*Asks:* 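Take a look at the following structure, please.
None of the values given here were measured: they were computed from a predicted structure. Throughout, numbering of the chain's residues begins at 1 and tracks the sequence.
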Amino acid sequence: MSAIPSALPRKGNSAAPPLAAPVQALEAELGVKPLERTCEGARARRAGEALPLLARRQAEDAGTLQALAHELRAERPEAAIIVRELDTTDALEALRRGEVDIALLRPGRDRPPGRVLPLGEDHLVAALPEDHPLLAQPAPLPLAALMEEPLPFLPRAISPACFDSLVAACRAAGFGPRGVREAGSAMAQLSFVASRLGVALVSSGTARMHPAGVVFRPLHGPIRAVSVALGWNEERQSEAACGAVALAGRVFARPPH
C-alpha cells in the first residue's frame with residue numbers, strides 16, 4: 001500500500017500551519033512524526049508510507065486519534081501514519097474525491113458514498129467560568145439555565161451536524177442561543193469561557209482537557225451530542241481503509257446491553 005500524495009499539501013502551496021496539540025501528542029505517544037515539516041509545507045515520511053489518517057482540528061478528539069493510531073501502529077509497525085488537520089466538511093469532501101483513505105469526523109450520518117462508523121457516544125456538557133454562579137446549583141444543570149448567557153458556537157461550516165444539534169437542543173429547552181459568537185475550535189470556545197465572556201456547550205470529551213479557569217457541569221437528560229466517527233468512501237475503499245475500519249470496530253466496540 002502507498003499513501004495518496006494528494007492527501008498532503010502540494011509543492012508550491014503556502015506553508016502549512018503548525019500541527020495542533022492532539023497531533024503533537026500523537027507524535028510523542030507513537031515516537032514518530034506523522035508529517036515532516038519543511039519550508040515548503042509538510043510532506044509524508046519516505047519510509048513505510050501507508051494508512052493516511054485525517055484528524056479533526058478539535059482537540060477533544062485527541063484521545064480517539066491516539067487510541068486508533070496506537071492500534072494501527074501495533075498491527076502495522078512498518079507503516080507510517082500520515083495526519084492532516086481538516087474540519088468535518090473539508091474531510092468529507094476529501095473522502096469523496098479519494099484524496100484520503102479514512103477520516104475522524106463528526107458527520108451525524110452516512111452521506112453516500114461516504115460511510116461512518118461511530119466510535120462511542122458523546123453528550124453535551126456546560127463549560128462555565130470557575131467563579132460562575134451556576135456552579136452553586138446542584139448538578140446536573142437544566143439546559144434552560146443557560147438561556148441568558150452568551151454562547152460561543154463553532155461555525156456551521158466546520159461541522160453542520162454539530163451546529164444544528166446544539167441549536168436544536170437549545171430550542172427544545174425553550175430558548176434560542178443568545179449572543180452567539182463564532183469560535184474556530186473547541187479550544188477557542190474554552191478560552192472564551194475562561195475569559196468570563198460567557199459559557200459554552202461542548203462535547204463531554206472536551207471535559208477531559210481540564211483547561212485552567214473552566215469548570216464543566218453535566219446537563220439534565222443527558223443530551224446526546226454528535227459523536228466522533230471513522231469515515232471512509234465506500235466507492236474508493238482501499239486496503240488501508242478496510243483494515244482501519246475493521247480495527248476500529250474491534251477497538252471501539254460497544255459492550256453488549
*Asks:* Among all residues two or more places apart in sequence or in another chain, which pass the side-chain contact (heavy atoms from CB on, under 4.5 Å) test with Pro222?
*Replies:*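 Partners of Pro222 under the side-chain contact (heavy atoms from CB on, under 4.5 Å) test: His123.
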*Asks:* Within this structure, what is the CD1-CG distance for the pair Ile158 and Asp87, rounded to the nearest 0.5 Å?
*Replies:*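 Nearest 0.5 Å value for the CD1-CG distance: 4.5 Å.
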*Asks:* Does any part of the side chain of Val214, heavy atoms only, come nearer than 4.5 Å to the side chain of Phe192, both counted from C-beta?
*Replies:*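 Not in contact.
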*Asks:* If you measure from the Lys or Arg side-chain nitrogens to the Asp or Glu carboxylate oxygens, is any gap between Glu99 and Arg236 under 4.0 Å?
*Replies:*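 Salt bridge absent between Glu99 and Arg236.
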*Asks:* Is any side-chain heavy atom of Leu151 closer than 4.5 Å to a side-chain heavy atom of Val199?
*Replies:*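 A side-chain contact exists here, since the closest heavy-atom pair is under 4.5 Å.
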*Asks:* What's the separation between atom OG in Ser159 and atom CG in Asp90, rounded to the nearest 0.5 Å?
*Replies:*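 Atom-to-atom, Ser159:OG and Asp90:CG are 11.0 Å apart.
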*Asks:* Closer than 3.5 angstrom, by distance alone: can the side chain of Gln189 be matched with the main-chain N or O of Ala183 as a donor-acceptor pair?
*Replies:*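 Such a contact is absent between Gln189 side chain and Ala183 backbone.
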*Asks:* Which heavy atom of Leu95 sits nearest a heavy atom of Ala103, and at what distance?
*Replies:*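 For Leu95 versus Ala103, the nearest heavy atoms are CD1-CB, 3.9 Å.
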*Asks:* Which atom pair, heavy atoms only, marks the closest approach of Ala157 to Thr89?
*Replies:*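 Heavy-atom minimum between the residues: O-OG1, 2.6 Å.
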*Asks:* Answer yes or no: is there a side-chain heavy-atom contact under 4.5 Å between Leu230 and Val245?
*Replies:*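 Leu230 vs Val245: side chains touch.
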*Asks:* Given 3.5 Å as the limit, does a donor-acceptor pair link the side chain of Arg171 with the main chain of Phe175, or not?
*Replies:*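 Absent.
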*Asks:* Are Asp122 and Arg224 close enough for a salt bridge, meaning some N to O gap below 4.0 Å?
*Replies:*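 Answer for the salt bridge query: no.
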*Asks:* Run the numbers on Asp101 and Asn233 for side-chain contact (heavy atoms from CB on, under 4.5 Å), then give the verdict.
*Replies:* CA-CA 7 Å; Asp101 284 341; Asn233 186 330; over 6 Å; no
*Asks:* Is there a side-chain contact between Phe252 and Thr64 in this structure, where contact means two heavy atoms from C-beta onward sitting under 4.5 Å apart?
*Replies:*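 Contact flag for Phe252/Thr64 side chains = yes.
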*Asks:* Are the side chain of Ser165 and the backbone of Val226 linked by a donor-acceptor contact shorter than 3.5 Å?
*Replies:*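 Judged by distance alone, no pair lies under 3.5 Å.
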*Asks:* Can you give the donor-acceptor pairs under 3.5 Å from side chains of residues 124-133 to other protein atoms, not counting sequence neighbours?
*Replies:*
| residue | atom | partner | partner atom | Å |
| --- | --- | --- | --- | --- |
| Asp131 | OD1 | Arg196 | NE | 3.2 |
| Asp131 | OD2 | Arg196 | NE | 3.0 |
| His132 | ND1 | Leu134 | N | 3.0 |
| His132 | NE2 | Glu149 | OE2 | 2.8 |

*Asks:* Does some side-chain heavy atom of Leu141 sit less than 4.5 Å from a side-chain heavy atom of His220?
*Replies:*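 Contact flag for His220/Leu141 side chains = no.
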*Asks:* Evaluate the criterion side-chain contact (heavy atoms from CB on, under 4.5 Å) for residue pair Gln237 and Trp232; output intermediate values, then yes/no.
*Replies:* CA-CA 7 Å; Gln237 195 165 355; Trp232 69 97; 3.6 Å; yes
*Asks:* Evaluate the side-chain proximity of Leu143 to Leu201: yes if any heavy-atom separation is below 4.5 Å, no if none is.
*Replies:*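 Of all side-chain heavy-atom pairs linking Leu143 with Leu201, at least one is under 4.5 Å.
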*Asks:* Yes or no on salt bridge (Lys or Arg N to Asp or Glu O under 4.0 Å) for Arg76 and Glu71, after CA distance, side-chain angles and deciding distance?
*Replies:* CA-CA 8 Å; Arg76 293 289 305 277; Glu71 294 297 328; over 6 Å; no
*Asks:* From Phe153 CZ over to Cys170 SG, what is the distance, rounded to the nearest 0.5 angstrom?
*Replies:*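 Answer rounded to 0.5 Å: 4.5 Å.
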*Asks:* Do Ser203 and Arg106 have side chains that approach each other closer than 4.5 Å (heavy atoms only, starting at C-beta)?
*Replies:*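 A side-chain contact under 4.5 Å exists here.
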*Asks:* Taking Val202's backbone N and O only, do any of them form a donor-acceptor pair with Thr206's side chain (distance below 3.5 Å, no angle check)?
*Replies:*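 No, Thr206 side chain to Val202 backbone: no donor-acceptor pair under 3.5 Å.
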*Asks:* Are the side chains of Phe163 and Leu154 in touch, meaning some heavy atoms are under 4.5 Å apart?
*Replies:*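 In short, these two side chains do not touch, never coming nearer than 4.5 Å.
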